[in-house]
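Throughout, a chain's letter reflects where its sequence line sits, starting with A, and its residues are numbered from 1. Note that the coordinates shown come from a computational prediction; the quantities given were computed from them, not determined experimentally.
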Amino acid sequence: MPESNNTVTPTHFIRQKIAADLAAGKYPEGITTRFPPEPNGYLHIGHAKSICLNFGLANEFSGRCFLRFDDTNPDRESPEFVKAIKEDVKWLGFGWSDRLRHASDYFEQLYQWAVELVENGHAYVCDLSAEEIRATRGTLTSPGSNSPYRGRSAEENLELLAQMRAGEFADGSRVLRARIDMASPNLHLRDPALYRIRHQTHHNTGDTWCIYPMYDFTHPLSDAIEGVTHSLCTLEFEDNRALYDWVLEHVSIPSRPYQTEFSRLSLEYTVVSKRLLTTLVSERVVDGWDDPRMPTLSGLRRRGYSPASLRDFCNRIGVTRNQQHVELSVLENCVREDLERTAARAFAVIRPLKLVIDNYPQDQEEFFEAANHPADPSRGSRAVAFCRELYIEHDDFIEDPPRKFFRLSPGREVRLRYAYLVTCTKVIHDEQGNVTQVHCTYDPQSRGGNPADGRKVKGTIHWTSARHSKKAQVRLYEPLFNDSQPRFSSQDDLHDSLNEHSLVTIDDAQIEPSLTEATAGNTFQFERLGYFCVDRDSAPEQMIFNRTVPLRDTWARVKPR
RNA sequence: UGGGGUGUAGCCAAGUGGUAAGGCACCGGAUUUUGAUUCCGGUAUUCCCAGGUUCGAAUCCUGGCACCCCAGCCA
């Protein structure tokens, strides 16, 4: 399926760098990238940016992209996340064919390189505790001090490292450290830990290991093993680059990758920190990782976002090193644009108001032809039932209308889309004065919505037949947070920052009968309302629709209040 | 007050010494049996600020200012 036709792929500095590298003949075999998620949570919109970048660039330049699980920390990772991540990447539209890897696949090789480091005096086993290491690291403005174990001989270190691997030491009792420079202004170079002891079962390697390599050691070497040419990551790893390069320069590697950083995505009203997302799930603030309010790919999928719309979004926001804070409207525009041409149209009334046509025969019913997609006749049409009693949207009737309101009100005439012109003759109220029903007369000469005399009617509203339509549940979503840039200092303000209207469930919406055949994941445009998607919990007898995004509503901006 | 980065419209973002692309948002107007869509038009005399170089500066130089990241045996 083509991306939206008018989108010109924007250029950006990484694409330019690759093009220049290729032009310079640096990579005769082509380029290689990788997407390296840690399987300790679900993928979110921020990952989508990285996935589109890495897989997208590889496709564009006929290179390769690895899906590599960065699984070096057994206590936070699980197969559940591995499975979900694979599904999400695939769903987004990318494939890795035989290039699926785990950093843990490389543990033995990594260990051999650690040995090489030790042999050459570039790493040592340190017996300091975590607290002691922290205390001797120095501060941002003052240098650290050398570990008393820094001077151990290569032989002794080799012996100790072997014992670490053999499980002879307790968790946290020792660590393998790079021997770099405790006075470096770059904190990452102050003898960083390379291996730590963790007697813990790993989701991929089981109990084979009780020492696990750190990210800064694993990442560059995994890149080198895979022949990654362009290792793309986010800006907060900028300082790590010096260590990335140091590692590659001190062991015998098969290829030399280079790291390039770009800024991470931040989107209005959304938070993507794994800690926070995990909290939302575990405290049941949301329905799970795929709650339609979650910024996860599975949440967006359940909300009704299409992969194409997300790819389009990632293209539009660009890739730079600026601090990026993207407005939600950009994302919303992308789905609307995609769903506008993709989604079938249907009639649904979310807040039903009964409308009775007094001059329409009690027992009569008829069917009108409604286009499935007005802009695309090839998608055909369906017959919608009509009778004396209908439901219209409560918002489409105002007893005392403001200026410029051209929907239904007493004495006014509107078009019932595809059906007839009706004029409001009477309004029924309950004891509290709420409008509970309206009565109209219809113009029999306006079948299909076109009056015989050609008079103009400004308003057209949607409706369902009370006799035929089915009740359905509709879930209306808004951002999870009130603040466009949610920030949390403690867990307590989490609940204060939540938008209490983030989910509004409506149980008595009325839908046209044809909608009953829709299945999970199908998307529709409920005319004049928005785009909706059949929820995975939906069933023919109890349909559930999630609102992906409302239609653009100029009237809402114009109307008073 | 160490090191590493970033400043172009409300939000993204091109621009690489020759006179400020584009998208979103916003504001008009046209078409419309969805107040949708579509279509036209408008929106930075100025690029964080101040100096300097140059015929010419968002682009080069100098000096400021603002914001982001780094002190896990997380990634």
Side-chain angles (χ1 to χ4, degrees), chain A residues 6-8 10-12 16 36-38 40 70-73 75-76 126 128-130 133-135 137-144 171-177 184-190 192-198 211-212 214-216 218-219 233-242 261 263 268 274 315-334 336-337 340-341 345 347 370-371 374-375 404-407 414-419 421 448-450 457-462 525-530 550-559:
Chain A
N6 54 354
T7 302
V8 180
T11 190
H12 54 67
Q16 288 169 340
E38 183 187 11
N40 68 343
D70 216 337
D71 54 354
T72 57
N73 188 357
D75 48 49
R76 336 196 294 170
C126 181
L128 255 25
S129 69
I133 288 182
R134 192 183 320 122
R137 186 158 21 231
T139 69
L140 292 179
T141 52
S142 62
D171 284 7
S173 61
R174 283 179 176 76
V175 83
L176 181 74
R177 288 230 254 173
S184 172
N186 181 344
L187 279 338
H188 295 274
L189 261 21
R190 320 244 262 225
L194 265 22
Y195 269 90
R196 74 284 218 184
I197 302 172
R198 281 270 185 296
I211 57 173
Y212 291 94
M214 302 287 292
Y215 166 85
D216 284 308
T218 310
H219 207 84
C233 65
T234 45
L235 239 30
E236 66 271 24
F237 290 99
E238 222 172 341
D239 291 343
N240 298 246
R241 190 175 63 231
E261 311 85 16
S263 56
E268 266 189 348
K274 276 185 186 164
N315 250 310
R316 291 191 195 203
I317 58 175
V319 179
T320 65
R321 293 167 68 87
N322 302 341
Q323 295 162 48
Q324 197 179 47
H325 192 66
V326 180
E327 289 178 350
L328 204 51
S329 65
V330 180
L331 214 213
E332 293 184 334
N333 174 72
C334 290
R336 285 201 187 102
E337 203 169 279
E340 156 62 26
R341 44 180 247 283
R345 311 289 126 123
F347 279 180
K404 288 192 174 173
F405 180 81
F406 49 78
R407 273 109 93 152
V414 293
R415 172 165 33 234
L416 295 174
R417 178 157 225 232
Y418 294 129
L421 263 36
N450 297 305
V457 178
K458 188 100 165 114
T460 299
I461 64 176
H462 60 99
Q525 183 197 92
F526 288 172
E527 292 208 31
R528 302 209 311 128
L529 295 176
L551 249 31
R552 194 172 271 111
D553 186 0
T554 350
W555 166 245
R557 291 201 298 262
V558 174
K559 77 178 162 195

Is the shortest side-chain N/O distance from [X] to OP1 or OP2 of [N] below 4.0 Å?
| X | N | value |
| --- | --- | --- |
| A:R341 | B:rU37 | no |
| A:T141 | B:rU1 | no |
| A:Q525 | B:rU34 | no |
| A:Q323 | B:rA13 | no |
| A:R196 | B:rC74 | yes |
| A:R134 | B:rA71 | no |
| A:T460 | B:rG35 | no |
| A:R137 | B:rC73 | yes |
| A:R528 | B:rG35 | yes |

When the distance from [atom1] of [X] to [atom2] of [N] is rounded to whole Å, what number comes out?
| X | N | atom1 | atom2 | answer |
| --- | --- | --- | --- | --- |
| A:R177 | B:rG72 | CZ | P | 12 Å |
| A:F237 | B:rG5 | CZ | C1' | 15 Å |
| A:R198 | B:rG72 | CZ | P | 14 Å |
| A:H188 | B:rA71 | NE2 | P | 6 Å |
| A:R415 | B:rU32 | CZ | C1' | 10 Å |
| A:R417 | B:rG35 | CZ | C1' | 13 Å |
| A:N240 | B:rG72 | CG | C1' | 12 Å |
| A:Q324 | B:rC24 | CD | P | 16 Å |

For [N] versus [M], give the span between their [atom1] atoms, rounded off to a whole number of Å.
| N | M | atom1 | answer |
| --- | --- | --- | --- |
| B:rU59 | B:rG17 | C1' | 7 Å |
| B:rU43 | B:rU1 | P | 43 Å |
| B:rG3 | B:rG64 | P | 14 Å |
| B:rU8 | B:rC74 | C1' | 37 Å |

Complement of [N], any strand, by Watson-Crick or G-U distances under 3.5 angstrom:
| N | result |
| --- | --- |
| B:rG41 | B:rC27 |
| B:rC73 | none |
| B:rC67 | B:rG5 |
| B:rU53 | none |

> So does A:N322 reach the base of B:rG7 with its side chain, donor to acceptor, closer than 3.5 Å?
Replying inline: no

>> Once hydrogens and angles are ignored, does a donor-acceptor distance under 3.5 Å link the base of B:rG35 to the side chain of A:R407?
In response: yes

>> Going by the rule salt bridge (charged side-chain N to carboxylate O under 4.0 Å, His left out), which residues pair with A:E268 if we only count those two or more places apart in sequence or in a different chain?
In response: none

> Residues in salt bridge (charged side-chain N to carboxylate O under 4.0 Å, His left out) with A:R198, at least two apart?
Replying inline: A:D75

Once you apply a heavy-atom cut-off of 4.0 Å, does [X] come out as touching a base, just sugar-phosphate, or nothing?
| X | value |
| --- | --- |
| A:A375 | nothing |
| A:S142 | nothing |
| A:D70 | sugar-phosphate |
| A:F405 | base |
| A:R76 | base |
| A:P374 | base |
| A:T218 | nothing |
| A:L331 | nothing |
| A:K404 | base |
| A:F406 | base |

Of the listed nucleotides [options], the one nearest the side chain of [X]:
| X | options | result |
| --- | --- | --- |
| A:T320 | B:rG2, B:rA13, B:rG3 | B:rA13 |
| A:L187 | B:rU34, B:rC69, B:rA71 | B:rA71 |
| A:E238 | B:rG15, B:rA14, B:rG4 | B:rG4 |
| A:R241 | B:rG2, B:rA75, B:rG5 | B:rG5 |

Do you know which two heavy atoms are closest between [X] and [Y], and how far apart they sit?
| X | Y | answer |
| --- | --- | --- |
| A:P374 | A:R345 | CD-CG, 3.5 Å |
| A:Q324 | A:G318 | NE2-O, 3.6 Å |
| A:A242 | A:N186 | CB-ND2, 3.6 Å |
| A:N322 | A:T320 | N-OG1, 3.1 Å |
| A:P36 | A:D70 | O-CB, 3.7 Å |

> Of all residues at least two apart in sequence or in a different chain, which pass the side-chain contact (heavy atoms from CB on, under 4.5 Å) check with A:I197?
Replying inline: A:M164, A:F169, A:D171, A:S173, A:R174, A:H199, A:I211

>> Test of understanding: with ring-ring contact (aromatic ring centres under 6.0 Å, His included), list the residues that count as partners of A:H219, not counting sequence neighbours.
In response: A:Y215

>> Among residues at least two apart in sequence or on other chains, which ones pass ring-ring contact (aromatic ring centres under 6.0 Å, His included) with A:Y195?
In response: A:F217

What N/O pairs connect the protein and nucleotides 25-27 of chain B at under 3.5 Å? Give each pair on its own line.
from   : atom 1 : to     : atom 2 : distance (Å)
B:rA25 : OP1    : A:R552 : NH2    : 2.5
B:rC26 : OP1    : A:R557 : NH1    : 2.9

> Is B:rG29 in the syn or the anti form, by the rule that syn lies within 90° of 0?
Replying inline: anti

>> Nearest heavy atom decides the nucleotide; on that basis, is A:P37 or A:R345 closer to the 5' end of RNA chain B?
In response: A:R345

>> By nearest heavy atom, map A:P192 and A:V319 onto RNA chain B; which one lands nearer the 5' end?
In response: A:V319

>> Are B:rA75 and A:Y215 stacked, with the base six-membered ring and the side-chain ring centres under 5.5 Å apart and planes under 30°?
In response: no

>> So, taking the atom named CZ in A:R528 and the one named CZ in A:F347, what distance separates them when rounded to the nearest 0.5 Å?
In response: 9.0 Å

> Given A:L421, which of A:V457, A:T460, A:V414 fulfils the side-chain contact (heavy atoms from CB on, under 4.5 Å) condition?
Replying inline: A:V457

